[in-house]
Amino acid sequence: IIMVGVGSIIMIILFVVVIPRITKIFEQVKAELPLQTKLLIFTADVIKGYWFILFPAIGLAIYMFFRWKVSQKGRPKWDRFTLAAPIFGPVVRIVAIARFSRTLATLLRSGVPVLNALDITKDVLDNVRLADVVAEAREAIREGESIAAPLKKSGEFPPIVVHMVATGEASGQLEQMLEHVADNYDFQVDQRVDKLTTLIEPIMIVGMGVAVAFIVFSILMPILQLSQHVR
């Protein structure tokens, strides 16, 4: 967040203060500018001339997005998207499954009836799609079925989790199996988060470097052309 904030401030200063001053030279010379320089000047003019519309519009879009994300129509779609996201989706799923396993194991070990335990666990998942799967499992148990069957049918829980839940139900050691799942997935969460945080920093640095390089290249190209023309 700090890197994004600092990078955004630097970009705003470049587009609002630095680039307009440099591009005045090109306007005075009236030289033919490269396409990337024209694009850079256009972007700087838009940001400088319409910032009072642009920034409130961005803020309003972010506000509307967060309102949609917590609405009854938007929340299921967003939760499905987060589970299917290519990089962060597996982490979100693992965190939710670890929370599900740990909470359910703790409640069952404390003597809470399985139907009440599933009802409580459903509310702590923070994902509508997975909460619906747990609700289906609760209804299946009410009708005399097992927990593992609806988990497997949904396709949202990995096969190893379904297998361990089924084994725990058959052997009467469901709490122990759920704790093993929670321990394993907590360990995986730590590993994946460490990898992601390790990758995010260089990716952001490269992205900022590419943006700055584009700006410098767009400014230097016409300057070099002008110098050759003068020679």
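Everything numeric in this text was worked out from a predicted model, so none of it was measured.
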Could you report the tightest heavy-atom contact between Asp123 and Asp119, atom names first, then the distance?
OD2-O, 3.3 Å
Grab the two heavy atoms, one from Glu156 and one from Val133, that are nearest each other, plus how far apart they are.
CG-CG2, 4.2 Å
Verify the neighbour count for atom CZ of Phe52: are there more than 12 heavy atoms of other residues, nucleotides or ligands below 6.0 Å?
yes
Below 6.0 angstrom between ring centroids: does that apply to Phe65 and Trp78?
yes
Looking at Glu136 and Lys153, is any side-chain nitrogen of the basic one under 4.0 Å from a carboxylate oxygen of the acidic one?
no
Given side chains that start at C-beta, do those of Ile160 and Tyr185 come closer than 4.5 Å, heavy atoms only?
yes
Between CD1 on residue Ile97 and CZ on residue Arg93, distance to nearest 0.5 Å:
6.5 Å
Would the distance check show the side chain of Arg99 and the main-chain N or O of Val124 forming a donor-acceptor pair, the cut-off being under 3.5 Å?
yes
Quick check: closest heavy atoms across Thr37 and Ser218, and the distance to 0.1 Å?
OG1-O, 2.5 Å
According to a 4.5 Å side-chain heavy-atom criterion applied to Ile, Leu, Val, Met, Phe, Trp and Tyr, with indirect links allowed, do Val181 and Val92 form part of one hydrophobic cluster?
yes
Side chains of Phe42 and Lys38 in contact at under 4.5 Å (non-hydrogen atoms):
no
Take atom CH2 in Trp51; do more than 12 heavy atoms of anything else shown fall under 6.0 Å from it?
no
Does any non-hydrogen side-chain atom of Met3 lie less than 4.5 Å from one of Ile205?
yes
Could you give the distance from CD1 (Ile147) to CD (Glu169), rounded to the nearest 0.5 Å?
4.5 Å
Of all heavy-atom pairs linking Ala148 and Ala166, the shortest is CB-CB, 3.7 Å
Side chain Thr103, main chain Phe100, donor-acceptor under 3.5 Å
no
State whether the side chain of Thr82 and the backbone N or O of Asp79 hold a donor-acceptor pair below 3.5 Å, judged by distance alone.
yes
Can you tell if the side chain of Asp45 reaches within under 4.5 Å of the side chain of Tyr50, non-hydrogen atoms only?
no
Taking the side chain as every heavy atom from C-beta outward, state whether Ser154 and Arg129 have any pair of such atoms under 4.5 Å apart.
yes
Side-chain touch Leu118/Lys122, heavy atoms, less than 4.5 angstrom
no
How many angstroms lie between atom CE of Met221 and atom CG of Leu35, to the nearest 0.5 angstrom?
11.5 Å
Once you round to the nearest 0.5 Å, how far does CG of Leu14 lie from OG1 of Thr43?
12.5 Å
Count I, L, V, M, F, W, Y as connected when their side-chain heavy atoms are under 4.5 Å apart, and connections chain through other members. Are Ile10 and Val18 then in the same cluster?
yes
State yes or no: do Val114 and Leu151 share one hydrophobic cluster built from I, L, V, M, F, W and Y residues joined by side-chain heavy-atom distances below 4.5 Å, directly or via other members?
yes
Value rounded to 0.5 Å, distance of CD in Gln173 from NE2 in His180
8.0 Å
Same cluster or not: are Ile62 and Val4 linked, directly or through other Ile, Leu, Val, Met, Phe, Trp or Tyr residues, by side-chain heavy atoms under 4.5 angstrom apart?
no
Kindly indicate whether the side chain of Arg102, heavy atoms from C-beta on, has any atom under 4.5 Å from the side chain of Asp186.
yes
Side-chain heavy-atom pair Ile215, Met11 within 4.5 angstrom cut-off
yes
Non-hydrogen atoms of Ala117 and Val112 that approach each other most closely:
N-CG1, 3.8 Å
Looking at Phe66, I'd like to know if its CZ atom is crowded, meaning that more than 12 non-hydrogen atoms belonging to other residues, nucleotides or ligands lie closer than 6.0 Å.
no
Do Leu115 and Leu104 share a hydrophobic cluster (ILVMFWY, side-chain heavy atoms under 4.5 Å, transitive)?
yes
I'd like to know if the side chain of Glu179 reaches the main chain of Ala105, judged simply by a donor and an acceptor atom lying under 3.5 Å from each other, with no hydrogens or angles considered.
no
How long is the gap from CG on Leu130 to CZ on Arg80, to the nearest 0.5 Å?
10.0 Å
